Amino acid sequence: MQNILDILKERGLLDNVTSENVKEALKSPVTVYAGFDPSSESLQVGNFVTIMALGHFQRCGHKVIAVVGGATGMIGDPSGRTGERSLLSVEQIEHNQVGISENLSRFLDFKHSTAPARIVNNYDWLGQFSFITFLRDIGKHFRMGVMLGKESVRARLESESGMSFTEFSYQMLQAYDFLKLYDDHGCTFQIGGSDQWGNITAGTDLIRKLRGIEAYGVTLPLVCDSTGQKFGKSEGNAIYLDHRKTSYYDFYQFFVRTADADAARFLRIFTFLPLSEIRQYEEQVKKEPEKREAQKRLAEEVTRMVHGERGLKVAVRASSVLFGEAMDDLRAEDLMDIFANVPSVELPDSKVAGAGVIDVAVMSGLCKSKGEARRLVESGGLYVNNRRVDGIQSVIKPADIVDNRVVVLRSGKKTYHLLKVT
RNA sequence: GGUGGGGUACUCAAGUGGCCAACGAGGGCAGACUGUAAAUCUGCUGGCUAACGCCUUCGAGGGUUCGAAUCCUUCCCCCACCA
């Protein structure tokens, strides 16, 4: 079997390794882990790089462990951050852990014959420590010089915002995670984004000191698009894996809108398609960029992986309707189905028919305030059932309510909200 | 603990008594052009209002003043140096 390290490299998923022995160590099955921070109730496409890497590891016969940071999430990882973050409440973190675990369960194979995946929560071990015990048993093995030298610490100390002791201590916790996973599961590999380098090496150092063996780290690149923007944001919002936060349609569309220059690279990173096939798409993008074949395939593959055939079907159908056919001959049934995952509100008929289009835009949640709605209409960006609203005085006519049940509101080219009339 | 610097809208950052809902930049939203791409250009970017205008906002609370983001005072927080 091909060495996992080569696979990561040829797919653009490799940034750095902690030791030159990494490739050798990967020739036989190992146990590898990656951590996920419960700072949000759902993972985002930004987490995809790590998830894909774990997937490749598992496909190569290695055991994978996903760690949900129930404890570390309470402290806050300073890596890659320019300022201290505000603490989340315990309830929020607990709530988020559930969502993250659910997300992860869609990618990892727990029934794998030889290398079933597992999900663990570091609160289970870190939550038990007393402060004194931790400082005596673990803290004693950390040297100030090394800790201060970490990029995550240095950058912050040099900045205006500084850093609290709480965040400074973070690296010890993540290092302990690695040690614990080594003890309990024989885990000798950790993977993570390139910003995790400091935390990962803190772990390999700790294991070397306390167990006398070499543990390894592999970092993954920070994926940016061709304009240098960090991958994973659309219109300033993160793209979530939870369909309640990012609809099937929006999720699919995010990938369809990938720039030509990024299409092939993203296919390598975010899908398991064979490289030979990806090369064909690469040619296709050069010859007939306007067809967007590569982007469509990318969106299809990723959406299927995250939302299954059903989610994909909904997204594709919605896309073809919204970008092709007119909406006029569609029934309420169809619209409800197509927009099943678009934000919607239910309102009584009395509040919709005859209501000003400005009020309706606000009620539906499409605009945050009347002022915003007014400005949107004035710039010609508000549509009712895909027809541009031509003035702030416009009202919703009974005929605008499709089958007396639904009104489709749109802001600009891509943001839809649904009004269900009851 | 001492000394000095700082906290302004989503972010950075001007503003040091009325011309300030607050310069500018970035971001965001929308429009035009396009291929649902990129680049470019244009408008908007606290709330309410059709509009005149009104209301809330410059770390928090008091105060001075006809009038405060700007002055005084107390408190909170951050940074640097010293201890």
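The basis for the numbers below is simple: all heavy atoms, side chains too, and nothing from hydrogens, waters or symmetry mates. Lettering of chains follows the sequences in order, A, B, ..., and the numbering in each one begins at 1. In this text, all values refer to a predicted model and were calculated from it rather than measured experimentally.
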Give every pair of a protein N or O atom and an N or O atom of nucleotides 46-50 of chain B that lie under 3.5 Å apart, one pair per line with the distance.
{"residue": "B:rG47", "atom": "OP1", "partner": "A:Ser369", "partner atom": "OG", "Å": "2.8"}
{"residue": "B:rC48", "atom": "OP1", "partner": "A:Lys370", "partner atom": "N", "Å": "2.9"}
{"residue": "B:rC48", "atom": "OP2", "partner": "A:Gly371", "partner atom": "N", "Å": "3.0"}
{"residue": "B:rU49", "atom": "OP1", "partner": "A:Lys370", "partner atom": "NZ", "Å": "2.6"}
{"residue": "B:rU49", "atom": "OP2", "partner": "A:Arg374", "partner atom": "NH2", "Å": "3.0"}

For nucleotides [N] and [M], find the distance between their [atom1] atoms and express it as a whole number of Å.
{"N": "B:rC19", "M": "B:rC10", "atom1": "C1'", "value": "28 Å"}
{"N": "B:rU49", "M": "B:rG18", "atom1": "P", "value": "32 Å"}
{"N": "B:rG59", "M": "B:rC12", "atom1": "P", "value": "13 Å"}
{"N": "B:rG63", "M": "B:rC55", "atom1": "C1'", "value": "24 Å"}
{"N": "B:rG4", "M": "B:rU73", "atom1": "P", "value": "13 Å"}
{"N": "B:rU57", "M": "B:rA21", "atom1": "P", "value": "13 Å"}

Grab the CD-P distance between A:Glu158 and B:rC81 for me, whole Å please.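 Whole-Å distance recorded here is 12 Å.
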In whole angstrom, what separates A:Gln295's CD from B:rA38's P?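 One finds 10 Å between P of B:rA38 and CD of A:Gln295, rounded.
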Sorted by first residue and then second, give each ring-ring contact (aromatic ring centres under 6.0 Å, His included) pair with at least one member in residues 362-396 of chain A; sequence neighbours left out.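 For residues 362-396 of chain A: none.
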Does a nitrogen or oxygen in the side chain of A:Ser319 sit under 4.0 Å from OP1 or OP2 of B:rU36?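 Answer is no, no contact under 4.0 Å.
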Which part of the nucleic acid, if any, lies within reach of [X] when heavy atoms closer than 4.0 Å are counted: base, sugar-phosphate only, or nothing?
{"X": "A:Arg388", "value": "sugar-phosphate"}
{"X": "A:Tyr383", "value": "sugar-phosphate"}
{"X": "A:Leu157", "value": "sugar-phosphate"}

Looking only at side chains, do A:Asp260 and A:Gln295 share a donor and an acceptor under 3.5 Å apart?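 Side-chain D/A pair, A:Asp260 to A:Gln295: present.
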Which residues in residues 258-267 of chain A have at least one heavy atom lying under 4.0 Å from any atom of RNA chain B?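 Within residues 258-267 of chain A, the residues near RNA chain B are A:Ala259, A:Asp260.
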Among the candidates B:rG31, B:rA30, B:rG35, find the nucleotide nearest to the side-chain atoms of A:Leu376.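 Selected nucleotide: B:rA30.
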Would the number of heavy atoms belonging to other residues, nucleotides or ligands and lying under 6.0 Å from CZ of A:Arg106 be above 12?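 Enclosed.
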